[in-house]
Amino acid sequence: MERSEVGHIGLQQEAHVATITIHRPHVRNAMNRAMWVEIRRAFESVSREESDVRVLVVKGAAGNFCAGSDIKEMQGRTTQDAESTFRLVEEALEALEKVPVPVIGALSGVAAGGGCELLLASDLRVAAASARIGMPVARLGITVSPAFIRRLVRAVGESRAGDLLVSGRLIGAEEAYTWGLAHYLVADGAAEETAKELALRIATYSPASLRHSKRLLRGLAQLGDGTESHPVGSPPNEAHALDAHRFLGNPEEFWEGVSAFIEKREPNF
């Protein structure tokens with residue numbers, strides 16, 4: 001089997017800018033289990049103290065960002081295997097969120113499911129005009145994690161977050177820009193170049209200032225919401241919430257969603 005079919009994660013560095021590229025173009029860069037592990041290790045590599053990376057760019061190969069996890073890989077697996085895969089995704093997203101330097105997502109083509117999550121865990125997002133982004137988990141019987149809800153609501157607010165999750169639709173780049181899912185809207189073919197130019201400019205700024213600002217912004221975003229269980233000034237126990245979270249609230253619905261996806265039909269829940 002060719003390497004492009006198996007998929008791999010590229011990590012390159014130019015000056016103080018690192019670029020992580022998702023390579024699996026024949027399935028719009030849908031990621032299998034091995035790739036989620038590989039991309040987590042790439043994020044961890046950038047985060048090491050000895051790293052001289054000042055900005056990280058995350059992009060997909062061949063005109064697409066990432067279509068999420070490879071649903072076809074789930075076929076023939078157990079419910080436990082599926083849950084394990086989604087936990088690998090969360091581990092990768094947590095590693096991305098812990099990257100201490102600014103992260104720029106370059107969105108071309110499609111970013112769905114796990115691809116949408118990768119973008120939301122980034123600090124800045126550059127979207128090409130024809131790009132689409134969404135979280136169609138309801139079509140697959142998957143329940144999103146507490147961390148994803150936090151990132152999504154932080155980016156677009158509760159009302160629009162509900163629209164994205166309940167409708168299951170992929171929204172266009174212009175709407176994503178209006179919502180705040182994208183910070184920069186550029187012409188088709190310019191997302192990666194724009195992200196790189198932005199990264200090179202940011203890399204000339206004070207590394208200490210950038211890291212400190214990111215640390216404060218991420219800390220503020222995780223403060224409580226003022227409720228009795230999460231008073232303002234205290235972080236919610238997100239790790240505990242994730243431990244208790246089941247990505248497959250109803251396994252029968254998930255497997256019907258997988259079958260419908262593979263058979264290219266509407267699911268019958």
May I ask you to test the [X]-[Y] pair for a side-chain heavy-atom distance under 4.5 Å?
X      : Y      : value
Ile20  : Ile39  : yes
Val37  : Leu88  : yes
Asn250 : Phe269 : no
Phe43  : Glu94  : no
Lys214 : Asp123 : yes
Ser47  : Pro100 : yes
Leu165 : Phe148 : yes
Ile202 : Ile104 : yes

Requested in this report: Would you give the length of the straight line joining atom SG of Cys116 to atom CZ of Arg125, rounded to the nearest 0.5 angstrom?
Outcome: 9.0 Å
Query raised in the report: When rounded to the nearest 0.5 angstrom, what distance separates SG in Cys66 from CD1 in Ile22?
Result: 4.5 Å
Does the [X] side chain pair with the main chain of [Y], one donor and one acceptor, at a distance under 3.5 Å?
X      : Y      : result
Thr194 : Ala190 : yes
Glu83  : Leu248 : yes
Thr19  : Val57  : no
Asn32  : Asp70  : no
Ser130 : Gly109 : no
Gln13  : Ala15  : yes
Ser206 : Ser209 : yes
Glu256 : Asn268 : yes

If we count only N and O atoms by modelled type, under 3.5 Å, do the side chains of [X] and [Y] hold a donor and an acceptor together?
X      : Y     : value
Arg33  : Ser69 : no
Ser145 : Glu90 : yes
Thr78  : Asp81 : yes

Ion pair [X]/[Y], N-O distance below 4.0 Å:
X      : Y      : result
Arg151 : Glu97  : yes
Arg41  : Glu91  : no
Glu197 : Arg201 : no

Requested in this report: Begin from the C-alpha positions of Ile9 and Met31 and carry the test side chain to side chain contact (heavy atoms under 4.5 Å, CB included) through to its verdict.
Outcome: CA-CA 10 Å; Ile9 302 299; Met31 293 173 62; 4.1 Å; yes
Same cluster (ILVMFWY, side-chain, under 4.5 Å), [X] and [Y]:
X      : Y      : value
Leu118 : Val103 : yes
Val58  : Leu107 : yes
Ile262 : Leu140 : yes
Trp36  : Leu119 : yes
Val89  : Val144 : yes

Report summary line: The single option from Gln12, His8, Lys59 that satisfies side chain to side chain donor-acceptor pair (under 3.5 Å) with Thr21 is Lys59
Heavy-atom pair of closest approach, residues [X] and [Y]:
X      : Y      : result
Tyr205 : Arg54  : O-NH1, 4.2 Å
Phe65  : Ala111 : CD2-CB, 3.8 Å
Val17  : Ala203 : CG2-CB, 4.0 Å
His23  : Ala61  : ND1-CB, 3.5 Å
Ala176 : Ile133 : CB-CG2, 3.9 Å
Arg24  : Ala30  : NH1-O, 3.0 Å

**Report entry** Step-by-step side chain to side chain contact (heavy atoms under 4.5 Å, CB included) determination, Val55 to Val101
**Finding:** CA-CA 6 Å; Val55 187; Val101 301; 5.6 Å; no
Requested in this report: Assess whether side chain to side chain contact (heavy atoms under 4.5 Å, CB included) is satisfied between Leu96 and Ser122, documenting all intermediate values.
Outcome: CA-CA 7 Å; Leu96 173 55; Ser122 303; 4.2 Å; yes
Query raised in the report: Around Phe86, counting heavy atoms of other residues, nucleotides and ligands shown, do more than 12 lie under 6.0 Å from its CZ?
Result: yes
**Report entry** Derivation of the salt bridge (Lys or Arg N to Asp or Glu O under 4.0 Å) call for Arg48 and Glu44
**Finding:** CA-CA 6 Å; Arg48 293 191 183 112; Glu44 291 171 346; over 6 Å; no
Requested in this report: Using the salt bridge (charged side-chain N to carboxylate O under 4.0 Å, His left out) rule, collect all pairs that involve residues 161-171, keeping only residues at least two apart or in two chains.
Outcome: Asp163-Arg169, Arg169-Glu175
Report task. Carefully, step by step, assess Lys196 and Glu192 under the rule salt bridge (Lys or Arg N to Asp or Glu O under 4.0 Å). Result -> CA-CA 6 Å; Lys196 184 177 180 180; Glu192 293 180 13; over 6 Å; no
Requested in this report: For side chain to side chain contact (heavy atoms under 4.5 Å, CB included), just list the numbers for Arg87 and Phe247, CA-CA rounded to whole Å, side-chain angles, deciding distance to a tenth of an Å, and then say yes or no.
Outcome: CA-CA 8 Å; Arg87 294 198 180 278; Phe247 291 94; 3.7 Å; yes
